[in-house]
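Report on the following structure.
In this text, all values refer to a predicted model and were calculated from it rather than measured experimentally. Heavy atoms only: backbone and side chains are in, while hydrogens, waters and symmetry mates are out. Position 1 is the first residue of the sequence, and the numbers go up from there.
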Amino acid sequence: MVNLIKRYFLFLLLLLSVFSAANAEVITLPTECTQTDYYITIEGYDQAMIESTLSGTDWDVSAPVVTGISDGVIYVSSESDLARILSPQVARSQTYASVFPSGLVRTSVPTVVYHGYLQQESGTSDTFQDTYLYVNNTELVKAYSLMYKSCYTSYDGGRGQIYLNDVIWGASASGNPGSVKLFEFSVLPLNSVVHWDVDERWDWGADAYATVVIFGNGANNGTFEGSYVTRFTMTEYDYAAMAIKLYTEPGATILVDNTEIGVSDNAGLFDGEVPKGTHKLSIEKEGFWTYSENIDFQNDTELYIPLSPKNAIFQISKEFSGNIYPNSISTLSMDITPIKNAYAAKLRISGVEVNKVYYQTHEIPKAADGSYILGDVTSTQNIEIEFKTPSSWGEKTFAVEISATDIEGTAYTNLETIDYEVLELPFLLEMPETFGIGLNDITLTDQSGTAYSVLMVVYDSEGIETWSSSTNLLEYCDYTFEIPIDDAGDYTLELNAKSGTVKTYYSIEIIEPVTLITEELTANPGKVATVKFKISNPTSNVKYYTAELTCPFLNESINKTFSIAPETVDKTVDMSFEVPEELELENYQLSLKIYDPNKLEPIYSGNVVLTISTESIIFASVPGGNTTLVLLAAAILLIGGTFAALRLKK
């Protein structure tokens with residue numbers, strides 16, 4: 001293959017030398033190489049062959065300015081020179097070709113080269129067939145054109161012409177036996193038509209050759225199609241483009257390898273193409289720090305790159321982990337990149353309930369002033385903010401502020417507004433107004449029209465699982481979980497659906513509803529004894545309860561039904577009974593149970609110790625059987641009796 005290519009080049013050099021003319025122009029190769037931003041790379045050829053090919057080519061009236069050759073790379077002076085070196089016409093040869101074969105040339109900018117060919121048979125008149133190139137470009141692109149004509153006879157006064165959207169772009173000079181005309185760059189509007197024709201004064205046979213070189217912002221910037229395919233030979237240079245969708249500041253200039261490729265629109269969107277491979281992406285806008293980073297574009301890419309204003313010291317990128325639902329824990333991940341070394345950096349978060357903050361993968365505490373200390377930041381660092389989501393769904397926002405100073409002590413502040421959306425749960429959740437000791441019902445009804453698994457877990461205040469249950473919730477169906485709570489305390493209900501992609505949390509506070517006042521009771525046989533307890537109603541509704549006191553010496557339990565007004569704290573309830581005569585034992589254990597009519601199990605169970613006393617009446621039926629109180633009461637009665645006797649004696 002290499003030998004075949006070399007033979008091709010030798011033949012090309014010979015052909016070029018045969019058709020050289022007096023007005024030929026050749027390239028002058030410099031002795032030293034000066035690198036520029038405009039170059040082509042020739043693969044598989046040594047320095048000597050490249051130099052001989054270039055210097056042996058007839059460039060007609062204008063040769064490209066070459067600034068040097070190094071390691072298979074040909075550097076030229078300008079964009080026009082790059083277009084010229086890609087579109088040489090062989091003078092008066094009635095042929096056309098690029099200097100180097102297609103497939104072996106790489107260009108420094110996206111480039112497509114088209115060659116057009118027009119022909120008139122000898123002895124005919126006005127028979128040139130016009131040729132068109134339809135450029136269905138999706139963005140504004142630049143084009144460069146060259147036209148050459150060659151006549152079969154010595155007489156000719158005609159010229160070749162080129163039009164852009166029916167407006168003449170340029171024409172070759174009239175002359176005999178031929179001439180070349182170079183046209184400068186022109187911007188091609190969207191969906192342009194390039195049209196070549198010849199002057200009607202060409203009365204004898206002739207050929208015309210035209211080249212257009214399109215410099216685009218991406219691979220071909222769409223499709224390029226000639227009306228007469230056989231009359232076009234397309235040389236596609238080794239260029240592949242990746243689509244890029246970039247979200248940044250409105251009106252920002254987008255550059256790839258320091259070459260502008262476009263400007264973001266009023267919404268901050270730039271939708272275009274970049275060359276495949278690793279390239280330096282830069283974004284510039286007045287009043288903002290310039291963003292610049294090398295990015296490997298191997299696939300179509302979507303980027304979110306907000307610019308930092310000049311009064312900020314960090315460039316910040318942020319994203320959320322997964323969907324966000326009500327009453328959940330979500331995580332915001334932020335990468336902060338210092339534009340210059342930042343010192344004494346602090347983080348503040350407002351407008352949301354923060355759960356934890358991680359910096360450099362470690363949890364950091366909140367300082368006394370409410371900030372989180374980051375310290376000195378000299379390279380890109382990651383911050384993760386865990387926060388509690390609100391109970392309602394919709395668009396939400398909170399603020400993150402990062403302050404720091406540079407080495408000169410100049411203060412900077414990044415103030416980021418964090419917008420996020422809380423999604424509606426795929427199910428309707430019906431929960432009790434308040435949770436209580438015993439069974440608590442929670443009903444889920446699907447609203448999404450799909451079946452999925454649901455897992456419900458209850459954790460105590462120490463994070464220990466106390467209960468869990470799961471089900472497969474069918475589309476538009478409901479299911480009721482019965483959650484048992486054995487003791488008062490703080491609990492967390494975790495609800496997972498759709499394999500954990502939907503997660504929400506609810507806090508459960510179980511307050512002990514009943515407090516027993518009378519734990520011990522002393523009473524005389526035949527007298528009335530009273531058991532007292534306190535009960536609360538934190539709900540907004542009237543609550544009804546039944547108290548049941550069971551005494552081992554009575555045939556039936558003592559029952560009392562009572563009500564409690566909404567939001568009542570510690571209402572005292574009495575339950576009285578008469579102590580039977582002639583009881584055999586001195587102590588008895590009474591059982592007190594309190595029932596909610598909506599629950600099967602009692603909301604409270606407790607015991608009262610009853611002591612039977614055989615002392616006189618003044619010692620009888622004293623609640624709690626407190627001996628000190630009994631003696632104190634006896635002393636008061638004794639003193640009162642003494643004073644009464646003294647009065648009578650007088």
State, with a plain yes or no, whether a side-chain heavy atom of [X] is found less than 4.5 Å away from one of [Y].
| X | Y | value |
| --- | --- | --- |
| Ile564 | Ile535 | yes |
| Ser317 | Met334 | no |
| Met456 | Leu444 | yes |
| Thr572 | Ile517 | yes |
| Ile339 | Ser308 | yes |
| Ile442 | Leu493 | yes |

**Q.** Rounded distance (nearest 0.5 Å) linking atom OH of Tyr491 with atom CD1 of Ile464
**A.**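 Going from OH on Tyr491 over to CD1 on Ile464, the span is 11.0 Å.
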Q: Enter the distance from Leu455:CG to Leu495:CG here, rounded to the nearest 0.5 Å.
A: 8.0 Å
Q | Parallel, tilted or perpendicular, as decided by the 30° and 60° cut-offs, for the rings of Phe320 and Tyr420 | A | tilted
(Q) Can you tell me how the ring of Trp289 sits relative to the ring of Tyr412, calling it parallel under 30°, perpendicular over 60° and tilted otherwise? (A)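 Rings of Trp289 and Tyr412: tilted, as their planes differ by 30° to 60°.
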Q: Find out whether the Lys NZ or Arg CZ of Lys498 is both under 6.0 angstrom from the six-membered ring centre of Tyr452 and within 45° of the ring's axis.
A: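 Pair Lys498/Tyr452 counts as cation-pi.
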Q: Answer with yes or no whether the side chains of Ser330 and Thr389 bring together a donor and an acceptor at under 3.5 Å.
A: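 The criterion, which ignores hydrogens and geometry beyond distance, is not satisfied for Ser330 and Thr389.
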Ionic contact status for [Y] with [X], cut-off 4.0 Å:
| X | Y | value |
| --- | --- | --- |
| Glu416 | Lys318 | yes |
| Lys346 | Asp369 | yes |
| Glu353 | Lys388 | yes |

Q: Can you spot which of Asn414, Ile383, Asn382 makes a side-chain contact (heavy atoms from CB on, under 4.5 Å) with Ile336?
A: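 The side-chain contact (heavy atoms from CB on, under 4.5 Å) with Ile336 is passed solely by Ile383 among Asn414, Ile383, Asn382.
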Q) How far apart are the closest heavy atoms of Tyr476 and Asp446, and which atoms are they? A)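 Minimum heavy-atom separation between Tyr476 and Asp446: N-OD2, 2.9 Å.
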